[in-house]
Protein chains: 4
Amino acid sequence: MSADRPSRTAHHGNRHGRSEQARRAVLEAADDLLAERGFAGVTIEGIAARAGVAKQTIYRWWSSKVDVLIEAFVDDMAQHLTPPDEGDLESELRTHLRRSARFLTRSDPGAVFRALAGQAQHDPEMAERFRTECLGPQRALDRRPLERAIERGELPPDTDVDFALDQLVGPLYYRVLVTGHPVPEEFTDALVERFLAPFRTRRAAEPRA
Amino acid sequence: MSADRPSRTAHHGNRHGRSEQARRAVLEAADDLLAERGFAGVTIEGIAARAGVAKQTIYRWWSSKVDVLIEAFVDDMAQHLTPPDEGDLESELRTHLRRSARFLTRSDPGAVFRALAGQAQHDPEMAERFRTECLGPQRALDRRPLERAIERGELPPDTDVDFALDQLVGPLYYRVLVTGHPVPEEFTDALVERFLAPFRTRRAAEPRA
Amino acid sequence: MSADRPSRTAHHGNRHGRSEQARRAVLEAADDLLAERGFAGVTIEGIAARAGVAKQTIYRWWSSKVDVLIEAFVDDMAQHLTPPDEGDLESELRTHLRRSARFLTRSDPGAVFRALAGQAQHDPEMAERFRTECLGPQRALDRRPLERAIERGELPPDTDVDFALDQLVGPLYYRVLVTGHPVPEEFTDALVERFLAPFRTRRAAEPRA
Amino acid sequence: MSADRPSRTAHHGNRHGRSEQARRAVLEAADDLLAERGFAGVTIEGIAARAGVAKQTIYRWWSSKVDVLIEAFVDDMAQHLTPPDEGDLESELRTHLRRSARFLTRSDPGAVFRALAGQAQHDPEMAERFRTECLGPQRALDRRPLERAIERGELPPDTDVDFALDQLVGPLYYRVLVTGHPVPEEFTDALVERFLAPFRTRRAAEPRA
DNA sequence: GCCTAATCGAGACGGTACGTCCCGTCTTCGG
DNA sequence: CCGAAGACGGGACGTACCGTCTCGATTAGGC
């Protein structure tokens, strides 16, 4: 993340740009507070106090605590959810779904994600941002294995990738966000198996035809 | 919900229990506020003011605004989501999933559900209650068509009903709560189709064997 | 006090009059609360809880917590502040002022008196009751030694008793209620001395004339 | 009181201290409410609303409504109760006692004083503050005529000034706070006369010796 | 090497809602 | 009819944060 931003030295205010130090302190403080005290325990005042930053500095660069958390999440997301490229659909899907489940249920950024997804239910404008900045990139990564499989001919070229994704990750998110059931590897593996079955059946059947 | 409570005449409180009038006013006010102003616009003070009720009366019977919304939701849920009993699995599932989608995306109680599901991400204790009181009964209803199909022999007796449900409704909730995509009938029908396909294939294949 | 009321047997409500048991429990509870927690710690709810009495029972017989305290005070006052009748003004005044000082500064009913006097500053109607029911009788007792002295010829018949009282007890109340200074016997004795001096001087001078 | 504070320009708060505008608005609102609705009508919420100030701003600088009233009173006191310096004890005392009586019974700050004196009966900590901040300065002013008289030789050098004050103002406060009797000039003049009599008698007698 | 302007920390400000306490009224039912 | 019990509509409490504002100190580029 800091890679795509010009490096900024620590300073106490000047006319030429914001303090990177303050920015990082704010994002970390927000992450920490979320982990320690939950979403309700994240407040602008709390972030400011923990980050050693003035409230005004937060309001200058972010519009709300949700905005801070989105930025904090985006910083972490890409690192965790890039699916592997192994040349085999089943294997890639198994790995990716296992990782996704682990990310969502166990990791700190996963907790941030759940909190943001929760807040999105309360605030349509925020939901829009959440979908654009958090879900969009993630879903783009999710598509990759399927697109590569289509290119390789493992899946038919007319495959509805979006529908496929909904079938593959939908039950996963459902467990994480709705039922709260655990998401063991058996579960994600079974989703992959169920998803791939028709294609295997077809292929097995076709030679006979 | 009102069915399991003895009818109570209007009164201003006495030793024999609470005022049903106040209870209903509170639930309605909460529902209305959620519909009009969103979750953040639902406050205990706002509910009290709109319901013409003292704050203390709310705190006496509910522990938080979420508690009020849960009760309001439970009152509405059963009426909307009882799946039909038509003797045909495919038909029942299509109808039930269509209704569920409509309920979640279009109705006022659906909005309450989404808000509660959102809040559940922020508050583990509340999530527990949400799952017990809202999801449990709903999921019990969801199971019915599948269980009847097993009894009728439409599905094999060893069918994993929970896994089946996750596949059927998971993608639906995923769209509603996460991606925010619309949930047209084509989508739910396709989920049913995808779910039933293996069983049809098997049955179609068996006679040949 | 209970002497001027018909004896009432303990009961839990009947059509034959109020419960003396409840009345006494309320008065005692109010006294105790005042002693333990101060005036602000005396609440109708607190009295009711401690006395094992319903709030309504208090409101049925008293108009406010102040009303309860007034009744509690009146019960106690007369016992403590009846001045002695010794046939000697100086002696009677010394004793009475010493007792009054002790009563006001040390005793539990004195604490009630101070609280009531305080509340009288905030509430003109209550002040009226306070003066009629608490101060009136007390001041009538205070007058007695002076009136007897006039009858005996120790004081001139045109003595302004009210003014005399203001001089005698005014500084005492001033210390108790305003400055909070202690009121030792030297102080009250000096007040008596200062009050009687002119009469002694005159008598001493007259024979010479 | 405003004399010992640097003048502050109007502002909405900054690191350099509080808003003088808010402070004055609060004190005036408290005074007004006391005059209009009595002590019970003075509430923090009421003061805040009338002063156009946030409750938190009051709690930031004062600990209670009583604290506000004390500050409001102190602001007013010195202006009203500085005794005259005329070089004649009797005259100064007459004037000062008349003014004091008028202040206590008729003026708005006098009403504040009575309310504070009342509250002091309910709250020992507050009583301490009341005595230090309100009574102390006032009593220091009260002493002045007597001290000057001692310097001038009008009173003997061993005069007990405190006892003298108790005799002079005690009955006055007694009437104001306890009996509620009016305090006409005849009354205060008589107190002065009674107080000075022994000294005149003595001086008149001495030349003969 | 100043000047100047954006940014920093700090924190007071007017507000909203919180959850609690107590008010005084009411409604019941048992004795 | 009185009593205990306790729910009710209300008002104020004192607290936590909100988002805005003003301030003096800090700091780097332009003059």
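Naming convention: chains lettered A, B, ... in sequence-line order (proteins, then strands); numbering from 1 in each chain.
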Give the rounded distance in Å between these two atoms: [atom1] of [X] and [atom2] of [N].
X	N	atom1	atom2	answer
Ile58(B)	dT20(E)	CD1	P	13 Å
Tyr59(A)	dG11(E)	OH	P	17 Å
Phe39(C)	dC22(E)	CZ	P	14 Å
Gln21(D)	dG14(E)	CD	C1'	12 Å
Arg37(C)	dC22(E)	CZ	C1'	13 Å

Residue-level proximity of residues 40-50 of chain C to DNA chain F when a heavy atom falls under 4.0 Å: none
Closest approach to the side chain of Ala22(D), judged atom by atom: which nucleotide of dG14(E), dC8(F), dA4(F) is it? dG14(E)
Of the candidates dG14(F), dT20(F), dG9(F), the side chain of Thr57(B) sits closest to dG9(F)
Between Phe113(D) and Phe130(D), ring centroids under 6.0 Å: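 Yes, they do, as the ring centres are separated by less than 6.0 Å.
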Give the intermediate values and the outcome of side-chain contact (heavy atoms from CB on, under 4.5 Å) for residues Arg23(C) and Glu20(C). CA-CA 5 Å; Arg23(C) 178 181 160 271; Glu20(C) 173 68 9; 2.9 Å; yes
Here's a test of your reading of the structure: between Trp61(A) and Lys55(A), which maps to the more 5' nucleotide of DNA chain E? Trp61(A)
DNA chain E nearest-nucleotide lookup for Gln56(A) and Ala51(D): closer to the 5′ end is Gln56(A)
Please examine the side chains of Val68(C) and Leu27(C), heavy atoms only from C-beta on, and report whether any two atoms are closer than 4.5 Å.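 They are in side-chain contact.
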Name the atoms and distances for all side-chain donor-acceptor pairs under 3.5 Å in residues 55-62 of chain A, with sequence neighbours left out.
residue	atom	partner	partner atom	Å
Lys55(A)	NZ	Glu45(A)	OE2	2.8
Trp62(A)	NE1	Glu71(A)	OE1	2.7

Where each residue is assigned the nucleotide of DNA chain F containing its nearest heavy atom, which of Arg60(C) and Lys65(D) is assigned the position nearer the 5′ end? Arg60(C)
Among residues at least two apart in sequence or on other chains, which ones pass side chain to side chain donor-acceptor pair (under 3.5 Å) with Glu36(A)? Arg50(A)
Check this for me, if you would: do Arg24(D) and Asp75(D) make a salt bridge, where the nitrogen-to-carboxylate-oxygen distance has to be below 4.0 angstrom? no
